[in-house]
Undergrad: 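This is the structure I have questions about; it appears just below.
If you're wondering where the values come from, they're calculated on a predicted model, not measured in any experiment. To find a chain, count down the sequence lines: A is the first, B the second, and so on, and within it residues start at 1.
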Amino acid sequence: MAKWLVKSEPSSWSFTQQIEAGPKGTHWNGVRNHVAKQHLMAMQMGEEAFFYHSNHGKEIVGIVAVSRTYYPDPTDASGKFGMVDFTVVRALARPVSLEEIKRTSALGDMVLVRNSRMSVQPVTEAEWATVLGMASA
DNA sequence: GCCAACGTTGGC
DNA sequence: GCCAACGTTGGC
């Protein structure tokens, strides 16, 4: 099962709101980037993603899982882009900040570090395990 | 099909 | 609030 990372600006959609959305989850709309779209399309049911707060926060705060695979985004008038649904799995024991990630050499190749603008990105199993370890340390 | 201009994202 | 990086748009 592939691992992912999705970003959200907490003033528009925060992890707290994601939790409040409950087990049904919510749709992850608004992606308008073709690379990000490819990642959304590759996501399988139940696959997990880190939930990252961009701008305000700049930290990974929790884990979500795909509760519905890729389908058209009704807010996209062009019809080119779609979305998936995510439901909350759990919050991390403590958030892992971008600064910490940058200081950790094993995470130097994370897309988050390499391409800060990619809003939906793959995470390797090694990176996933490293971040989880940091959160529980 | 190239590329300059423009808009947006997100770290600082 | 600034600006670098990147994606998209549109004129040619």
Undergrad: Atom NE2 of A:His56 to atom C1' of B:dC12: distance rounded to whole Å?
TA: 14 Å
Undergrad: To the nearest angstrom, how far is A:Ile101 atom CD1 from B:dC12 atom P?
TA: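 Result: 12 Å.
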Undergrad: What is the distance, rounded to the nearest whole Å, between atom CG of A:Leu112 and atom P of C:dC6?
TA: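 Answer to the nearest Å: 14 Å.
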Undergrad: Does the side chain of A:Lys80 get closer than 4.0 angstrom to OP1 or OP2 of C:dT8 through an N or O atom?
TA: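 For C:dT8, neither OP1 nor OP2 has a side-chain N or O of A:Lys80 closer than 4.0 Å.
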Undergrad: Given atom NZ of A:Lys58 and atom C1' of B:dG11, what is their separation to the nearest angstrom?
TA: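 Going from NZ in A:Lys58 over to C1' in B:dG11 covers 6 Å.
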Undergrad: Between B:dT8 atom C1' and A:Met118 atom CE, what is the distance in whole Å?
TA: 13 Å
Undergrad: Of the listed nucleotides (C:dT8, B:dG11, B:dG7), which one gets closest to any side-chain atom of A:Arg117?
TA: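 Within the option list, the nearest is B:dG7.
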Undergrad: For the pair A:Phe51 and A:Trp28, name the ring-plane relationship: parallel under 30°, tilted 30 to 60°, perpendicular over 60°.
TA: perpendicular
Undergrad: Is it true that A:Val84 and A:Trp13 fall in one hydrophobic cluster, defined by side-chain heavy atoms closer than 4.5 Å?
TA: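 Yes.
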Undergrad: Over 60° means perpendicular and under 30° means parallel, so classify the ring planes of A:Phe81 and A:His34, tilted if in between.
TA: tilted
Undergrad: Taking 4.0 Å as the cut-off, does a side-chain nitrogen or oxygen of A:Tyr52 come that near to OP1 or OP2 on B:dT9?
TA: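 Answer is no, no contact under 4.0 Å.
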Undergrad: Calculate the interatomic distance between A:Glu100 atom CD and B:dG11 atom P; express it in whole Å.
TA: 15 Å
Undergrad: For A:Asp73, which of A:Lys37, A:Lys80, A:Arg32 qualifies under side chain to side chain donor-acceptor pair (under 3.5 Å)?
TA: A:Arg32
Undergrad: Is any side-chain nitrogen or oxygen of A:Lys7 closer than 4.0 Å to OP1 or OP2 of B:dG10?
TA: yes
Undergrad: Once you round it to whole Å, what is the distance between P of B:dT9 and CZ of A:Arg32?
TA: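 About 11 Å, once rounded to whole Å.
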Undergrad: Just checking A:Asn33: base, sugar-phosphate only, or nothing, at a heavy-atom cut-off of under 4.0 Å?
TA: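 Sugar-phosphate contact only - A:Asn33 comes under 4.0 Å of backbone atoms but never of a base.
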Undergrad: When the distance from CD of A:Glu59 to P of B:dG10 is rounded to whole Å, what number comes out?
TA: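 In whole Å, B:dG10 P lies 16 Å from A:Glu59 CD.
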